[in-house]
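Single-structure report; data block below.
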Amino acid sequence: QVRLVESGGGLVHSGSSLRLSCAASGRPFSSYAMGWFRQAPGKEREFVAVISMSGITTDYADSVKGRFTISIDNGKDTVFLQMNSLKPDDTAVYYCAAGPNYHRNENMFHYWGQGTQVTVSS
């Protein structure tokens with residue numbers, strides 16, 4: 001089992017930055033690919049970013065590419081999502097997830113956090 005706890009969400013103005021954190025406990029952190037997903041009100045959950053077990057390979061949704069950066073600190077068993085140039089369309093509950101495969105599909109992730117709210121005002 002892996003337990004994931006997100007933090008760092010909040011209410012910010014358009015153009016601002018936030019850094020989300022996801023602390024993992026349980027099985028070795030380096031055994032999993034880590035992903036960030038988000039769900040806006042009335043919409044389905046969507047892929048945001050993923051990082052490989054090694055921390056070397058990353059992938060991003062087109063809507064966040066160039067603005068968001070995913071990274072990991074294996075020593076602290078934590079994955080981060082640095083979000084810059086935030087837009088109102090980025091408003092959503094953000095979830096981190098862990099899974100055995102480096103993938104964009106949420107069904108490939110076995111463990112999920114409880115989510116953290118990000119609200120971007122215009």
Do Val12 and Tyr94 land in one hydrophobic cluster if side-chain heavy atoms of ILVMFWY residues count as linked below 4.5 Å?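 Looking at the clustering, Tyr94 is in the same group as Val12.
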task = Decide whether Trp36 and Val118 are clustered together by the hydrophobic rule: side chain heavy atoms of Ile, Leu, Val, Met, Phe, Trp, Tyr closer than 4.5 Å, transitively.
result =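 Yes, because Trp36 and Val118 connect within a single hydrophobic cluster, where side-chain heavy atoms sit under 4.5 Å apart.
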Using a 4.5 Å cut-off on heavy atoms from C-beta on, say whether the side chain of [Y] contacts that of [X].
X     : Y      : result
Leu81 : Val48  : yes
Ile51 : Thr57  : no
Leu20 : Met83  : yes
Tyr32 : Tyr111 : yes
Ser14 : Pro88  : yes
Phe68 : Leu86  : yes

Over all heavy atoms of both residues, which pair between [X] and [Y] is shortest? Give the atoms and the distance, please.
X      : Y      : result
Phe109 : Val50  : CZ-CG2, 3.9 Å
Val5   : Gln114 : CA-OE1, 3.7 Å
Glu6   : Gly115 : OE1-N, 2.9 Å
Arg67  : Ser85  : NH1-O, 2.9 Å
Thr116 : Gly9   : OG1-N, 3.2 Å
Gly55  : Ile72  : CA-CD1, 3.5 Å

Using the ring of Tyr95 (Phe, Tyr or Trp, six-membered ring only), decide whether Arg45 places NZ or CZ under 6.0 Å from its centre and within 45 degrees of its axis.
->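 Ring-cation test returns yes.
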Pi-cation contact, Phe80 with Arg19 (under 6.0 Å, within 45°)
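Yes, Arg19 sits over the ring of Phe80.
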Worksheet entry | Option passing side chain to side chain contact (heavy atoms under 4.5 Å, CB included) with Val79 (candidates Leu4, Asp73, Ile70) |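 The option that passes is Ile70.
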Between atom [atom1] of [X] and atom [atom2] of [Y], what is the distance when rounded to the nearest 0.5 Å?
X     : Y     : atom1 : atom2 : value
Ser71 : Gln82 : OG    : CD    : 8.0 Å
Lys65 : Thr58 : NZ    : OG1   : 9.5 Å
Ser25 : Arg3  : OG    : CZ    : 5.5 Å

Worksheet item: How are the rings of Trp112 and Phe37 set to each other: parallel, tilted or perpendicular (split at 30° and 60°)?
Response: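 Judged by the thresholds at 30° and 60°, the geometry between Trp112 and Phe37 is tilted.
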*With sequence neighbours left out, what residues match Lys43 under salt bridge (Lys or Arg N to Asp or Glu O under 4.0 Å)?*
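Testing Lys43 for salt bridge (Lys or Arg N to Asp or Glu O under 4.0 Å), a comparison that skips the adjacent residues, returns none.
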| Would you say Arg38's side chain and Gln117's backbone share a donor-acceptor pair under 3.5 angstrom? |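 Not at all, since once roles are kept as given, no pair shorter than 3.5 Å links the two residues.
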inquiry  = Checking the side chain of Thr78 only, and the main-chain atoms of Lys76 only, is there a donor and an acceptor separated by less than 3.5 Å?
reply    =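 Side chain of Thr78 to backbone of Lys76: a pair is present.
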Note to self: If the threshold is 4.0 Å, N to carboxylate O, is there a salt bridge linking Asp90 and Lys87?
What the structure shows: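 No.
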Would Tyr102 and Asp59 satisfy side-chain contact (heavy atoms from CB on, under 4.5 Å), going step by step from the backbone distance to the final call?
CA-CA 9 Å; Tyr102 175 78; Asp59 189 23; 3.2 Å; yes
